[in-house]
Amino acid sequence: MMMLINFGDNLWVSGVFAVFVGLVLGAFYFGGLWLTVRRLSTSPSVALLFLVSMLFRISVVVAGFYVLLGNSWQQLLLGLLGFMVLRLFATRFIKSKENTLIKVEPRVTTQEVEHNAP
């Protein structure tokens with residue numbers, strides 16, 4: 001299979017390119033997932049939105065890996081490494097951002113209200 005971009009024998013440049021492609025594909029996949037989850041609450045057809053979004057994201061990522069990195073297994077592994085690094089970054093960033101933005105207050109049950117009433 002012929003790659004879109006041929007780096008010849010330069011392993012460092014092809015390795016950096018593979019990690020960069022993995023990062024970009026990861027940003028596309030997890031960014032699309034984040035947008036999909038945000039739109040689920042307002043969608044009239046939740047299952048259809050989730051299914052179409054998932055199939056589109058997976059198709060783009062698999063095609064991107066195949067077309068850009070399908071020439072060698074080493075580049076595929078480096079691309080997957082970039083993809084997983086972005087996944088770890090995204091989950092840590094979103095978790096920490098949620099913890100600072102959302103303040104959950106404890107729920108008061110009716111039993112506690114009746115018990116604390118004079």
Side-chain angles (χ1 to χ4, degrees):
M1 178 183 155
M2 189 73 161
M3 268 184 37
L4 232 62
I5 300 172
N6 187 8
F7 295 107
D9 292 334
N10 195 338
L11 295 176
W12 286 103
V13 174
S14 65
V16 169
F17 176 73
V19 172
F20 177 73
V21 167
L23 289 170
V24 169
L25 290 174
F28 172 79
Y29 183 85
F30 294 110
L33 177 62
W34 181 72
L35 289 173
T36 301
V37 169
R38 288 179 50 107
R39 292 189 60 199
L40 285 178
S41 63
T42 60
S43 174
S45 175
V46 173
L48 182 64
L49 173 65
F50 189 76
L51 181 67
V52 169
S53 171
M54 180 185 63
L55 290 175
F56 178 70
R57 286 182 286 116
I58 289 174
S59 299
V60 169
V61 169
V62 169
F65 276 127
Y66 180 73
V67 170
L68 295 172
L69 304 176
N71 201 24
S72 72
W73 64 270
Q74 294 94 346
Q75 286 187 325
L76 276 173
L77 281 179
L78 288 172
L80 286 173
L81 175 71
F83 189 87
M84 295 308 295
V85 164
L86 193 107
R87 178 193 171 271
L88 288 173
F89 174 75
T91 54
R92 298 294 188 267
F93 176 72
I94 290 173
K95 260 188 200 174
S96 66
K97 194 172 183 179
E98 283 180 358
N99 288 341
T100 59
L101 293 179
I102 300 173
K103 294 182 180 178
V104 178
E105 298 195 18
R107 296 180 65 187
V108 178
T109 63
T110 56
Q111 292 175 349
E112 291 174 349
V113 172
E114 290 172 359
H115 179 68
N116 293 332

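Below, all heavy atoms of this structure are taken into account, side chains as well, without hydrogens, waters or symmetry copies.
- Rounding to the nearest 0.5 Å places CZ of Arg92 at 6.0 Å from CG of Leu88.
- For the atom pair CG (Leu78) and CZ (Phe20), the distance works out to 14.5 Å, reported to the nearest 0.5 Å.
- Scanning all heavy atoms of the two residues, the minimum distance from Gly26 to Leu86 falls at C-CD2, 3.0 Å.
- Note that the CE atom of Met54 and the OH atom of Tyr29 stand 7.5 Å from one another [nearest 0.5 Å].
- Atoms CG and CG, on Leu77 and Leu69 in that order, are 10.5 Å from each other to the nearest 0.5 Å.
- For the pairing with Arg57, the side chain to side chain contact (heavy atoms under 4.5 Å, CB included) check across Val62, Val52, Leu33 returns one residue only, Leu33.
- The same ILVMFWY cluster, assembled from side-chain heavy atoms under 4.5 Å apart, contains both Val60 and Met84.
- Closest of all the heavy-atom pairs between Phe17 and Leu68 is CE2-O, 4.1 Å.
- Using cut-offs of 30° and 60° on the angle between ring planes, the pair Phe30 and Phe83 is tilted.
- No continuous path of hydrophobic side-chain contacts links Val16 to Val85 [ILVMFWY only; heavy atoms under 4.5 Å].
- In the hydrophobic cluster analysis, where Ile, Leu, Val, Met, Phe, Trp and Tyr join through side-chain heavy atoms closer than 4.5 angstrom, Val24 is grouped apart from Trp34.
- When all heavy atoms are compared, the tightest approach of Ser53 to Gly32 is OG-O, 4.3 Å.
- Scanning all heavy atoms of the two residues, the minimum distance from Gly64 to Leu25 falls at C-CD1, 3.9 Å.
- Linking Ile, Leu, Val, Met, Phe, Trp and Tyr residues whenever their side-chain heavy atoms come within less than 4.5 Å places Ile58 and Leu55 in a single cluster.
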